[in-house]
Amino acid sequence: MLTKIIRIIAVLFAVIAAATVLPQLYYTTFPPEGRSSHKNICYSEILGDFIISEYIYSTDKKQATGQTVCYDRHGKSYSRDSVARLLLLDNVSQLAYEGRFPDTICGIAVTPELVSSEAFSQYHSAQPGLYYGLCELRDQKSYTTRTLEPRDLFRITPEGIQFIVCATNQIDEEKSRLFTNCLTAADFRFPALRMWTSPDKNISEAIGYYVIDSKNELYCLSMNQSVPAVQKLEKPDSRNIRNITFGKSPDIRAILNTENGNMYIQHPDQSYTRLELPDSLRKSGRLTGNLFYRIFTLPAQNQQTTFVFDRNFRLVDSCTLYFQPQPQNTAGIFGEFLFPFHIGQTAWEGFYADWSPVKRFLWLNLALAGITLFYKRRNGYRLSNPFVITDILFVTIFGIYGLMGISAFPLKKSREEILNSQSPEL
Amino acid sequence: MMKRYFLHLFYKEWLKTRWAFLGTLLLGTATILYIFIAVENKITLTGAKTILLRILYDEPPVIYYASFLYIPLLTALAIGIAQYVPEVIQKRIRLTLHLPEKNNILISGMAGFGLILLTLSNLLYIGLFLYYNIRLFPEELTKPVMISLTPWLLSSYIAYNFIAMIAMEPNKWRKVIYSVIAYYILQLFLVGNEPHGAFRESLPIMTLMVLLSSGLVLYSSQRFYKGEK
Amino acid sequence: MKTLKHLIYKEWLKTRWFASIALLLNLGVLIYIFIALRSNFLSAGGTIYLSTLMTYKTQFFSLYRYIPLGIALLIGLSQFVPEITDKRIKLALHLPLHNLQIIYIMVVYGFVLLFLTMIPGILIFTGLISVYLPAEITIPVLQTMSPWLLGGFCAYFLIATIALEPAWKFRFLYILISYKVLTLFFMYLSIGNAVSLLPVLCLITGLSGIAPVYTSYRFNKGQL
Amino acid sequence: MTLAAKIIRLFLVLLGVMVLAMTLPELYRKNFEKRPGKKLIYYSEISKNFMISEDFSDTLTNENHIIYYDQTGKRYTEREYNRQLPFLYTRKLALLGELPDTINGNKFDQQLIKTIKRGMLMPVSSFTFQLNPLFESESGKVRPELPDDLFRINHRGIEFLDPETNKILPEKSRSFNKTLKAAGFQSPARNIYGIPSTLKSRDDGYFIIDQRGELFHLKMIKGRPYCHHIPKNISVSSMKCMVPGDLYAYIYDHQQQLYVLRTDYSIKKLPIRPGNGRFMYSSNCFYKSYKNTDNDSIRLYVLDADYNLADYHAIEADNYSKSPVAQTEQYLFPLKIILTPGYAHMIPLFNPFCRFIWLNMLLLIILAAIKLQNHRKLYNPFNLLDLGITGIFGIFGFIAVLIFPNRK
């Protein structure tokens, strides 16, 4: 009895092992055929409309190169050369190289240097990233002298802020007390739930940290010539803040998103503008900027939506681009017939089981279960035996993995069954 | 009576495993010491803050404890092989297994001894690692690093249990099949090269797998006893 | 002559099972590496794949690193562990052959077996990847893999040396030295950078090939 | 048999010595190494002085203590020091509002800052696949585009390979071969130097050493081959190609002497002593500086825009080999074997003879005592060899001899 229960565990181990390795092996052996086309969308400041460029691979498999076609939302196509003249801001270096860059765009005097310096691109994730709670607070005046270089990292505990001198791994009591007092004076409630700074050292030095205290209030903590500077900041709305990214452009201090999916831009004067993004799209996106526009791109499954704002963050236009799903080849479809699911693990979400569509793999599972049933009957197993039933159930659910598992670990017949199978059936 | 029996059994197992166990223990301890000698050397060369910031935030992450990856596994292999392989080769276990009711108790005793030994070595590794790590780094780093080490420590139990199971299995081909299964299960545990504290979400399932795997040896020992092919 | 046949047959009985596993393992891993290479090549496109491979010197064959070592362990241990645990070798040494000859028949047998398990796989692998990769890449790739293969042979010889050593204390010390020697073969080198090390490694492998003479001499005299 | 075993034992002892010489010094250094003081030397474009900073900071207490002075020994404050090096501290000076308006009569702006180039020159080039993409040099695009083929130059001449099919493109190969032959190129190529990446603002093609050691410049202009034979009177050992500027490449000859290949195909020998051949270079529109650091000194050569020597200064280096810990190391270990990281060149480094001899003698006596204790005859040749190995290899030999015991 015990052995049979242990056998079930063993079978499960075999199923896990098979489900991690077999699909991977299968899909490496039969890689997807053909490459899907690349699509890119840009907003033309001249047309005031989107231009979509698509890179299409040639149908000849031996040929790597394809060609780029450009068209707008209404299907009107453009030549590559005319596109360069319609998307001046995106083709600065090429146009300047050819000496074709105009002096004015939309009535504004421009130079290639000006356009290049105005362009930026940054990513804002709706989910907060990796966080250890141990950060480096750099001085706002770090640039004046190297003596302001910090020798410690800080954490914000329920007892207050603590500066840990790395070389000794001890707390710098004096500095910690000074900062704790300053934070308390600003009505900060310890501990901090989360803090953010910019990966850019210059911005990080200038702004310091945005800290959420235990009452979910927002504070800005920085240091000026070894003196703490704490400021309580308004929150964009009453909801809790989910994640903060600091801006790469001087007119954007930070991008914030709150729990209900609203996205805000914080300006250098600490006022907020809510971005008119649909509430359903609470996903991470990319913010790009140029001389005229701020463009937000939100990707989703097989599609991406681009929102174009003017420099005051008023929505100008938006467009959704649909990508054709990767064409499924026969090997891919066959894989879904063969493997009911695939087990893997990711660093931050743990184990997962990726199920194929039930209607695909069900037939093979049922067929295999039938074969198992037949085999068990032929070999004189009693079908009412709970362990035999478990075996058949495993094959029905886990399909090919289950069959492999139960054949790797043979089920011993009970004494009664052995007697039955030895007695002539006729 | 039972206590005497186990004491006797444990003593016999200890005689078999002590050299392999102490040898790998020495290797593991030396590895941990070397890890921290290297870390301290880097600290003196470039400064503690720089190193700590690099360990915390560099991309790809600085896994200063990477050479510890296979140490628990190696300990399990040494104990497992020293414990079961001579028994199986010399068919010694056959003689002790002829009393059916004692069968499971004996095998559980053997496996239990191995698991205790493994736990001791793992505790020693954890203790030594923590001692140095807490001395050098703040707890914000120590906690995630310990999480990153846990799958590796757990892998030793999986390895040990599967070795016991494979060693007891009478059929050669099934031995190979079980080894393949063990290999791919271990692959799920021997993960690294991610930021510290990764695979936190995998830990409950990993622990469950470890607990479940500890019975596996009884399945093949039963087959061994029955002399199945 | 009859004794020789007899000896080889005895070795074959001990090792055949493990040698066939090793052969399968070797072939399986190499073919898997090829399949993965082919998959990446086809899905990225040859031009892109090759230029990434050449820029980043991707070690697409890194899975093979410890396979020769594993094979050497399989064959070496299956050959020498029974001799030690059963003290069988003592009996073999009473055969009408010179003791050293007997030891060397065993060692050479193991070496040939190791060669036969690994080299055909490598040849097939070379043939397969040459379909997709030009010789300018294939040759450095094989150069980078060759320390691992040499490491396999060296590990086998060292196992024989250690197995024949009669005293446990020295066995342990030899294991330490062998470990450090073997790390030389399995360093993480970028593609094409292993060439300057190969003569040294060949020398070490050659030396380890004659090392069993020393311990078997000690074994014969039963020194402790 | 006995003799063979004893001789083989000696080989094993030597193997043990090698392993120990790789392991022990490294372990020693990792355990005891102290941070050396950091000395930096730069050339000021403003005062035309060598600016030196010396870091006495203690990593343990993390106290910042840096002093600044020039080659005459005149001390500077940090602010003054930064002001002397506007190309190095541009950001700090800009934030402080202390950027100079002009340098040497030139307006200090973005354009000027963009002329800075920094990098490393090594006399051995790392391994490259002898297979490269030949870019279109005049495509009319800002950046070169990756072509669909790769070329190699073997004994059959230049061959263009289609990676998709792994087949040679006969027509293109033939047309390029013709041009190469016409320029006097003799296949196969000994080495091909270039930048096989699209991350460059202009393509300069490849520089190829042919079978006779002659230098050729190969590129593709509007799909047509271009090949130029570059006359030279040096033997090239390695080259480092530069992204577009006034140079095509730096050339090392076999004595590690450095040359520059300029865009007019002239080759100029740099007035620099090769030393160990490794240089950190930093150039802007006024000066080009080459810094060479070896065990004893840091040497900084400053060259003007035409690669003539403008100034030179050397300071004493302060690295591990000068620290007291390293001095002790020289008393302990007669030699150490290091492996160059990533390349696996095994390099044995010997210590000054007189340092380690005392320890060696001591170990020799101890070994002799052990041998006598075990009733060995010291005049036995193998015992003498044991003693000799200990005498030469000191601690390594001593341990190795004991690891592999010798039978009476």
Side-chain angles (χ1 to χ4, degrees), chain B residues 19-20 22-71 74 125 128-129 131-142 145 193, chain D residues 16 19-40 53-67 78 280 293 295 298 317-330 332-333 336-342 349 399 402-403:
Chain B
W19 289 118
L22 292 176
T24 42
L25 206 61
L26 195 69
L27 181 72
T29 320
T31 309
I32 294 177
L33 289 179
Y34 186 76
I35 286 172
F36 285 100
I37 285 178
V39 167
E40 284 190 319
N41 178 246
K42 281 212 182 98
I43 285 178
T44 31
L45 287 186
T46 38
K49 194 194 74 178
T50 323
I51 290 297
L52 184 52
L53 280 175
R54 268 178 42 196
I55 289 174
L56 283 172
Y57 298 112
D58 256 20
E59 190 65 42
V62 179
I63 311 287
Y64 61 92
Y65 45 88
S67 48
F68 185 67
L69 173 57
Y70 293 111
I71 294 296
L74 211 63
Y125 294 150
L128 199 63
F129 195 93
Y131 169 73
Y132 281 103
N133 213 61
I134 288 176
R135 222 171 49 128
L136 290 174
F137 299 122
E139 61 174 312
E140 275 79 1
L141 179 65
T142 307
V145 165
N193 257 331
Chain D
V19 166
L20 290 166
M22 288 192 322
T23 320
L24 293 184
E26 191 213 343
L27 209 61
Y28 172 86
R29 181 172 173 174
K30 280 227 161 120
N31 231 336
F32 296 108
E33 184 174 11
K34 296 273 182 304
R35 184 187 188 227
K38 252 193 182 163
K39 268 187 187 174
L40 296 172
S53 78
E54 207 170 336
D55 190 349
F56 293 100
S57 306
D58 187 347
T59 41
L60 283 182
T61 56
N62 231 343
E63 294 300 340
N64 290 307
H65 181 60
I66 308 168
I67 58 164
E78 190 187 348
M280 296 286 294
T293 308
N295 281 343
I298 305 172
D318 196 18
N319 53 22
Y320 173 71
S321 58
K322 296 214 157 170
S323 68
V325 178
Q327 304 289 317
T328 322
E329 186 188 310
Q330 290 179 350
L332 284 177
F333 307 120
K336 56 182 168 183
I337 298 175
I338 57 163
L339 283 165
T340 48
L349 297 174
I399 297 174
L402 291 180
I403 284 181

*Select all residues of residues 24-40 of chain B having any heavy atom within less than 4.5 Å of some heavy atom of chain D, and report them by number, or 'none'.*
B/Y34, B/I37, B/A38
*So does B/Y70 have more than 12 non-hydrogen atoms from other groups sitting under 6.0 Å from OH?*
no
*asked:* A quick test of your reading: do over 12 heavy atoms of other residues, nucleotides or ligands sit less than 6.0 Å from NZ of B/K42?
replied: no
*Any chance you could measure D/E33, atom CD, to B/L45, atom CG, to the nearest 0.5 Å?*
4.5 Å
*Would you please go through residues 57-67 of chain B and name the residues with a non-hydrogen atom below 4.5 Å from one of chain D, in numerical order?*
none
*Is the CG atom of D/N31 crowded by more than 12 outside heavy atoms at less than 6.0 Å?*
yes
*Which residues share a side chain to side chain contact (heavy atoms under 4.5 Å, CB included) with B/E140, sequence neighbours left out*: A/L134, A/R155, B/P138
*Who passes side-chain hydrogen bond (donor to acceptor under 3.5 Å, both in side chains) against D/E329, sequence neighbours left out?*
D/Y320, D/K336
